[in-house]
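Just below is one structure, and these are the notes that go with it.
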Amino acid sequence: MTPARVFATLFLLLALYCGIDPFNHSPIAYSPDFEAHLVEMPPWSEVPAAIDEQNLLQRSEIMFLNQIQGPESVAFDPLGHGPYTGVADGRIRFWNGEAWSDFAYTSPNRSEICDPKPSPLSYLKNEHICGRPLGLRFHKKTGDLYIADAYLGLMKVGPEGGLATALVTEADGVPLKFTNDLDIDDDGNVYFTDSSTKYQRRLDKSREISEGKMVKSGAWGAHLGFYSELNFMQLVFSSEDSGRLLKYDPLTKETTVLLRGLQFPNGVSLSKDGSFLVLCEGSPGRLVKYWLKGNKAGSSEVFAILPGYPDNVRTNGNGEFWVAVHCRRSLYSHLCGLYPKIRMFLLKLPIPTKYQYLFHIGGRLHAVVVKYSSEGKLLKILEDREGKVVRAVSEVEERDGKLWMGSVLMNFVAVYQLE
């Protein structure tokens with residue numbers, strides 16, 4: 001056989017393998033209803049190109065190493081005590097200045113399956129049972145802690161802690177599937193996000209099997225590492241637009257949907273004067289301003305184009321916004337957002353989820369935090385582009401000249417001293 005025929009045969013075999021995916025390595029192999037949605041990406045020329053050439057986040061202090069797992073959100077109570085943080089086993093923990101103690105938990109179903117484990121990713125199998133607190137906020141007047149639990153909805157616990165009470169589990173007859181973050185205004189109204197009405201944070205294997213979607217044995221060994229457990233990766237890859245911004249009124253106990261059609265809404269934070277809030281919309285990589293007062297009340301607009309894909313946002317004492325960016329945009333992810341058919345083709349290839357995810361984030365985890373003015377102007381960018389010290393950031397809380405940074409993926413809190 002000539003070299004040309006050998007090459008042609010190998011090429012055909014490769015094409016056949018990619019087309020059939022016999023070992024179900026594709027991230028969407030078991031998702032027959034998966035759809036790739038168009039993302040309203042900004043022109044590439046409008047994406048902020050500024051970088052932190054000094055990698056200043058590498059100067060951060062790593063605190064509480066291996067004492068907490070997956071501290072997504074960091075909060076301080078009205079008396080300044082803390083931090084408090086929600087961890088991967090469903091508890092909210094409190095640092096009293098000397099040691100960590102249990103403050104609250106979101107699920108009553110506490111058992112040995114919720115016991116401490118070696119990494120934040122070890123809990124994924126059971127976090128829908130144990131609870132997964134994400135966004136945390138204290139009511140400044142009452143001292144109540146409000147919690148966005150990914151599975152259990154919007155919750156509240158009093159200043160004494162204990163088992164949290166569910167306040168909202170559905171809106172307009174549609175269950176909350178992925179409650180993510182929240183903020184509270186001076187009147188006690190709670191603004192919060194439901195990232196998707198289709199995808200939860202993890203894939204409930206028993207549910208998927210019962211629905212007949214898992215049609216072949218060995219499905220859960222098909223993907224590498226924890227990525228096989230993550231249903232929210234389907235949300236990332238699809239950019240589906242069922243996300244919502246909601247408002248809970250504690251007086252009437254009513255929940256109102258303020259915005260629909262959002263693509264992975266995540267963090268939310270009120271402006272200093274309470275006239276608007278800023279919302280992180282993950283798939284397009286932007287901040288959205290939603291007006292609460294004035295002539296524009298009830299309307300929304302783009303507040304800022306981000307250098308990457310955001311997680312949470314927090315307002316500092318000057319009315320500026322700190323945004324935790326999960327990763328910088330890559331040209332690969334940008335084009336995949338603009339061309340869903342190409343993205344669908346690539347996702348059908350027998351490339352495991354872990355590697356598709358790495359393509360999406362530019363090859364490795366790398367921390368980025370950015371600060372914007374109240375007018376949406378980029379003021380500062382801090383990075384660890386090499387991922388040496390701070391590999392990932394989910395939230396940035398500025399307090400007393402320091403940035404407290406939590407991450408759903410890490411086993412510590414990073415603290416950066418501002419200059």
Side-chain angles (χ1 to χ4, degrees), residues 48-65 67-68 71-86 94-97 135-138 140 181 183 266-273 277-278 280 287 303-328 365-419:
I51 63 172
D52 173 11
E53 295 182 353
Q54 300 181 66
N55 281 313
L56 290 172
L57 287 187
Q58 292 185 3
R59 302 178 185 177
S60 300
E61 178 184 2
I62 300 303
M63 299 184 64
F64 318 122
L65 182 64
Q67 298 178 44
I68 46 177
E72 157 94 358
S73 185
V74 177
F76 294 84
D77 67 26
L79 297 177
H81 299 151
Y84 296 74
T85 188
F94 164 61
W95 175 256
N96 64 12
L136 303 179
R137 296 278 195 169
F138 278 97
K140 296 177 182 177
D181 195 29
D183 201 358
N266 202 322
V268 59
S269 196
L270 287 155
S271 63
K272 185 176 181 179
D273 65 2
L277 61 78
V278 167
C280 292
L287 298 179
F303 183 69
I305 302 299
L306 297 169
Y309 304 104
D311 201 320
N312 282 346
V313 56
R314 290 294 182 264
T315 312
N316 68 11
N318 297 323
E320 299 156 339
F321 299 94
W322 281 106
V323 184
V325 177
H326 181 70
C327 64
R328 275 189 172 272
L365 289 171
H366 50 284
V368 185
V369 300
V370 289
K371 183 170 73 171
Y372 283 86
S373 71
S374 57
E375 291 78 34
K377 179 182 178 181
L378 178 61
L379 300 176
K380 184 183 288 289
I381 182 164
L382 302 170
E383 296 183 87
D384 181 353
R385 288 182 287 118
E386 299 170 339
K388 286 185 175 181
V389 179
V390 187
R391 299 181 63 200
V393 180
S394 296
E395 183 180 297
V396 187
E397 177 75 22
E398 181 179 341
R399 184 172 183 83
D400 299 330
K402 296 180 180 180
L403 298 182
W404 293 73
M405 295 172 285
S407 170
V408 72
L409 296 176
M410 298 293 111
N411 58 349
F412 56 80
V413 170
V415 179
Y416 176 79
Q417 179 69 54
L418 291 168
E419 297 176 353

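Position 1 is the first residue of the sequence; numbering continues from there.
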Which pair of non-hydrogen atoms, one from [X] and one from [Y], has the smallest distance, and what is that distance?
X	Y	answer
Leu136	Ser73	N-OG, 3.2 Å
Leu306	Val323	CD1-CG1, 4.3 Å
Ala392	Met410	O-CG, 4.1 Å
Phe138	Phe76	CD1-O, 3.4 Å
Gln58	Val389	O-CG2, 3.5 Å
Arg314	Val268	NH1-O, 3.7 Å

Measuring from [X]:[atom1] to [Y]:[atom2], what's the distance to the nearest 0.5 Å?
X	Y	atom1	atom2	value
Ile381	Lys371	CD1	NZ	13.0 Å
Leu378	Ile305	CG	CD1	12.0 Å
Asp384	Ser60	CG	OG	7.5 Å
Leu56	Arg385	CG	CZ	10.0 Å
Lys377	Glu375	NZ	CD	9.5 Å
Glu61	Gln417	CD	CD	9.5 Å

Short question: side chain of [X], backbone of [Y] - any donor-acceptor pair under 3.5 Å?
X	Y	answer
Glu395	Asn312	no
Asp181	Asn266	no
Asp183	Leu270	yes
Thr315	Lys272	no

Name all residues meeting the ring pair (Phe, Tyr, Trp, His ring centres under 6.0 Å) criterion together with Tyr416; count only those two or more places apart in sequence or in a different chain, and write none if there are none.
->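 Per chain and number, Tyr416 pairs via ring pair (Phe, Tyr, Trp, His ring centres under 6.0 Å) with no residue.
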Expected list for residues 397-408: side-chain donor-acceptor pairs under 3.5 angstrom, two or more places apart:
residue	atom	partner	partner atom	Å
Glu398	OE1	Asn316	ND2	2.9
Glu398	OE1	Trp322	NE1	2.6
Ser407	OG	Leu409	N	3.1

side-chain contact (heavy atoms from CB on, under 4.5 Å) between Asn411 and Leu65, intermediate numbers included = CA-CA 6 Å; Asn411 58 349; Leu65 182 64; 3.7 Å; yes
Taking the side chain as every heavy atom from C-beta outward, state whether [X] and [Y] have any pair of such atoms under 4.5 Å apart.
X	Y	answer
Val413	Pro83	no
Val325	Glu383	no
Ser271	Leu277	no
Met63	Trp95	no

Would you call Glu419 and Lys380 a salt bridge, taking side-chain N to carboxylate O under 4.0 Å as the test?
->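 Here Glu419 does not pair with Lys380 in a salt bridge, since their nearest N and O are not under 4.0 Å apart.
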Where do Asn55 and Lys388 land on the side-chain contact (heavy atoms from CB on, under 4.5 Å) test, with the steps shown first?
-> CA-CA 10 Å; Asn55 281 313; Lys388 286 185 175 181; over 6 Å; no
Phe303 and Phe321 aromatic ring geometry - parallel, tilted or perpendicular at 30°/60° bounds |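 If you compare the ring of Phe321 with that of Phe303, the planes turn out perpendicular.
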Output every pair passing ring-ring contact (aromatic ring centres under 6.0 Å, His included) with a member in residues 369-388, not counting sequence neighbours, ordered by first then second residue.
->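 Those involving residues 369-388 do not exist here.
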